[in-house]
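Every chain is numbered from 1 and lettered A, B, ... according to where its sequence line falls, protein lines coming before strand lines. Every heavy atom of this structure was used, including side-chain atoms; hydrogens, water molecules and symmetry mates were not.
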Amino acid sequence: MPPPLANHRILSNLNDAQRRAVSSNAATVAILAGPGSGKTHTLTSRVVWLIDHVGYRPEDVIVATFTVKAAREMKERIGKALGDGREKKIVLGNFHSIARRYLAAYGRKIGINQKFGIADDGDSRSLIARICKRKEVTLDPVAVRAWISKKKAKGNEVDAKPVGQKAIKTAGEKDLEECYNEYQAHLKKSNLLDFDDLLVRCVELLREFPSCVSNIQTVLIDEYQDTNGIQYELMKLFAQRHKRITIVGDPDQSIYGWRSAEIQNLWRMLKDFPGTDEISLEQNYRSLDAILKLSLLVIQQDKKRYQKALKPVHGRGSRPVLRRLKSASAEADWIVSEIRRVIMMSGSMLTFNDVAILLRSASLSRHVESALGKSGIAYRMVGGKKFYERLEIKAILDYLRVIYQPGNNDALARIINVPKRGVGDVTIKSLLEEAESSSLSVWTILTKHCRGDRTAKTKIPKPMEQRIAAGLTRPLDNIRRKMEEAAKPGGVAFGLVEIVEQLLAALNFQKHLQDTHPDDHEQRWANVEEFVTLAGDFVRDLNESSADELLPEIEGLEQSKEDEVLPRFLANVSLASDAQTGEGKENKPLVTISTIHAAKGLEWPVVFVPAVYNGSIPHMRSDDNDEERRLLYVAMTRAQSLLYLSCPLFSTNGNGERNQLSSFVEPVHRAFATKGPCFDRPVMLEIAKVLGRTLPTEDAVFKALPSMFNPEDNLFPVDPEESQEVPAGGAEGRTSHRDAPRAKRPRLSNMYGGQNAGEDVQWHRDYTTTMEAASSFTVLALPGFVSAGTHQAAITAANAAAVARQQAEQVKKLANRRPPNQKSILGFVKSTSSSSFDHTLLPSARNSVPAQTSVAPPQVTANPGQQAIPTSLATHKPAKGTLLSRPSRPAPAPDETPKGKAYPCFSSSPVKPDSIKPDPEEENDEPPPEPTRVAACLHSTTFTRPTLLTAGKGAGGLTRPSPVSKFGRTPIAPIDRLRKPFKPLTIKRP
DNA sequence: CTAGCTGCGATTTTT
DNA sequence: TCGCAGCTAG
């Protein structure tokens, strides 16, 4: 690094590696690093560096992120660093919105009608469903849609490599192609582009007209591990002039494989841009060490992954918790009690804002929401159900779309009978068909019919006709006319808000809601009002930052101007599906409930991950266990100071079926505490330190505690198995059919007895009660006195703790250190990349690969039957429909063989294993066995891919016939404040 | 042909 | 819990 640069302002708060990354002179820079290492910070700093120091104009820089939220945050951060509003000129956004901008400006060059709309998920789904139905093809619309999307998302370059069976077109494939063609034709006719089209067409545009990006000096990509093929191409095309690209990413956090994210893009990039400067960041600034260790224990089960160092800069922290509860609602109640406890015990140093509950699927939120609601804790829900998915909002949006694009038959069909106008399914279908055959839009058919210009073939009785004219065509025409007039010079302003308000009035929407939803029409109308506010905000934001979204002028290139508000509003709504990080306005602290996917890139001091059982994580409908594991890893690494996993023992919906602890957690469950830590002073101080906050004095904390406050996590049995109350629904049945050894909890003396003998699949609970004891029998809790039973418990706890610790130690050795031969992530990738492109080849191709690896794996005596196969990261996401051999249960953690006997090393420390005080025990432990395995080099045979015959064909897609005339959901986006939960927010009770 | 009622089923992740 | 399919009356 050139010394003179070192004192640049932006470099001052970076560590060495980050500084090197920020100021690298290489054309292409790849920064790959684990969670919490400041990737995004580094990226934003580099943007500032490139603009401020290197001197690129902001408008010549493209920054692409993966989500809207990330884009917004990045913009904010860059704005702060630049300090003068120049960030507004940067072409910054998620891929889709950047692509949309280019298409809006230059799309006509490739024959795109400038007034194109965006077909969202619901649109394409219902369209495909209709096509399938009409073709009477026995294809699952869902599969068809996935196939089409995949086809587009892949990009073209990959296709160049024929996969052999590609030539053989099976009957199914032919049908798919036909559906695809029809689908595209329909979109084209409606002047719509779907999400994938935005990218595909933008690639087309930039390929044919490179001049559109001739000004671009440099391109930066965040969350690179989640880019898919087409996005990769787009990235290259953005940078085609100067080929300067910076990417940041973390393979371990690749969780969008299902959306065709291709981890291969890592080495595609290295191949395409030799001389890339690779930088890895190893310091973790986010989390306490205990959290990192455990997260590594989980991710490290993936034997093929690249091992990265994660060096904690913070203290050890208390042991993360794995809590078992009786049911999902008990789990939710426990979460609530624990949230309360943490906040109280921190003397309100922590607030609800510091807490996140991360879910595998949004549908899991129900219990949590109601528990929070019951206890009066306000929360926001991110991801999952969206504001715009509400019926009433969807309807308004569809009206707006029809106003903007009268030819949008699907939107029209959805609202033609909302409010009720006596138009039923049959009529709608007939109208759509007539539109199809007459190549008129439904709108045209209707207007002509009502005016008497042309009688519709569809039967439209007079009363129906009148209602349509009075309630639909005339009001919308009125609105359109006003918009046109307003656009003329001197016209009366008729903005977005006015449009919506006039629309609501014309439809008598409030009355409509009262009629159709007598129970909750107030709430729904409130949503509508909220929507109006949002529209107002949008307009205001648009005016404030008019430079936003505008591409720089390029000499000799004419842009189509996009000055209408409505289309931009609609596009915004379709593309921006994230809640705004709305801490700004209301100051009421909110607990965050989020899907794990939506939580990527974020962090919270306290994180709960409920429902950690097989079927949830890994999800039963997922075909990629490794990705599910990474998902859990992402969730865990969001936590800064406290991490809680939990698992309801019995599923709620079914007949009290037993849940099985997630197989990602099961092998390492011993490393967790079984209940929340004791928040004594040292623990809290450490938390305060990580967060950079000041802990109130002990006195203050104590005084603020309610009189009946329970300072321990002991409101719920640590072993729900032995609790008296039995979960509702067949107590007897269950006790009897439950496996015998579990019915009675093993005695303490039997602690490790059953360990080796036929470890039953279910969770071994023997040690837990004592582990639990370990965390509550703190010195504070039991000053100087220990009963015999307690003592016994403590001993066993110590033993368990020792085992866990040893395990952890081992893993640290194994996973938290990069093997010496693994120089960097990119080195790793390089060494295996030669094989990576062949990952789809048949087993025969495999054997040649290891020889090519430049970084030779240490010779490990492979188990017979264990076949060395390329450590291709690519295999992590098999093509849909590929027959994989059943993904194996994760192998037990290496050498995780609990000895059949207690450890002899019990000392005084185990009573407080979570203490941050240096734990002599840890150091004194006998040295862990040498690592016996270099993870990168070997793995079990479970990843053989027998054949590709069915790849990509939507094979087996015959299940789940999907309803046809369902009007698709229309995920349009919340623009703001979507975090409103379904249920009304409850206010904190006294 | 539409609208309302009832009983059943089912539930990833996102641009 | 919600949403959808199927049925029946008007």
From [options], pick the nucleotide closest to the side chain of [X]?
{"X": "A:Val426", "options": "B:dT14, B:dC1, B:dG4", "value": "B:dC1"}
{"X": "A:Arg366", "options": "B:dT12, C:dT1, B:dT14", "value": "C:dT1"}
{"X": "A:Met464", "options": "B:dT12, B:dA3, B:dT2", "value": "B:dT2"}

Whole angstrom is fine here: how far is it from [atom1] in [X] over to [atom2] in [N]?
{"X": "A:Leu358", "N": "B:dT13", "atom1": "CG", "atom2": "P", "value": "14 Å"}
{"X": "A:Asn625", "N": "B:dT12", "atom1": "CG", "atom2": "C1'", "value": "14 Å"}
{"X": "A:Leu364", "N": "C:dC2", "atom1": "CG", "atom2": "C1'", "value": "16 Å"}
{"X": "A:Arg390", "N": "C:dC2", "atom1": "CZ", "atom2": "C1'", "value": "14 Å"}
{"X": "A:Arg259", "N": "B:dT12", "atom1": "CZ", "atom2": "P", "value": "17 Å"}
{"X": "A:Arg125", "N": "B:dT12", "atom1": "CZ", "atom2": "P", "value": "10 Å"}
{"X": "A:Glu628", "N": "B:dT13", "atom1": "CD", "atom2": "C1'", "value": "8 Å"}
{"X": "A:Ile416", "N": "B:dC1", "atom1": "CD1", "atom2": "P", "value": "15 Å"}

I'd like to know if the side chain of [X] pairs up with that of [Y] as donor and acceptor (distance under 3.5 Å, no hydrogens or angles considered).
{"X": "A:Glu233", "Y": "A:Gln231", "result": "no"}
{"X": "A:Thr592", "Y": "A:Arg380", "result": "yes"}
{"X": "A:Tyr379", "Y": "A:Glu369", "result": "yes"}

With a non-hydrogen cut-off below 4.0 angstrom, is [X] in contact with a base, only sugar-phosphate, or nothing?
{"X": "A:Asn417", "result": "sugar-phosphate"}
{"X": "A:Tyr256", "result": "sugar-phosphate"}
{"X": "A:Ser616", "result": "nothing"}
{"X": "A:Lys459", "result": "nothing"}

Open item on the list: Here's one to test your reading of the geometry: is the NZ or CZ of A:Lys326 within 45 degrees of the ring axis of A:Phe650 and under 6.0 Å from its centre?
Closed with: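 Cation-pi check for A:Lys326 and A:Phe650: fails.
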Task: N/O (side chain, A:Thr427) to phosphate O (OP1/OP2, B:dT2) under 4.0 Å - done: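 Answer is yes, contact under 4.0 Å.
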Open item on the list: Heavy-atom nearest nucleotide on DNA chain B for A:Gly422 versus A:Leu359: which residue maps closer to 5'?
Closed with: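 Going by which nucleotide is closer to the 5' end, it is A:Gly422.
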Task: Ring-base stacking, A:Trp258 with B:dT12 (5.5 Å, 30° cut-offs) - done: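 Given the distance and angle limits, no, they do not stack.
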- [ ] Measure from the ring centre of A:His619 to the centre of the six-membered ring in the base of B:dT12, then say whether that distance is under 5.5 Å and the planes meet at under 30°.
- [x]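 Stacking is present between B:dT12 and A:His619, given that their ring centres fall under 5.5 Å apart and the planes under 30°.
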- [ ] Using atom types as modelled and distance alone, determine if a side-chain donor or acceptor of A:Ser97 lies under 3.5 Å from a backbone N or O of A:Asn94.
- [x]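 Answer holds: yes.
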TODO: Go through the N and O atoms of the side chain of A:Arg621 and the base of B:dT11, and report whether any donor-acceptor pair is under 3.5 Å.
DONE: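 Answer is no: no donor-acceptor pair is held.
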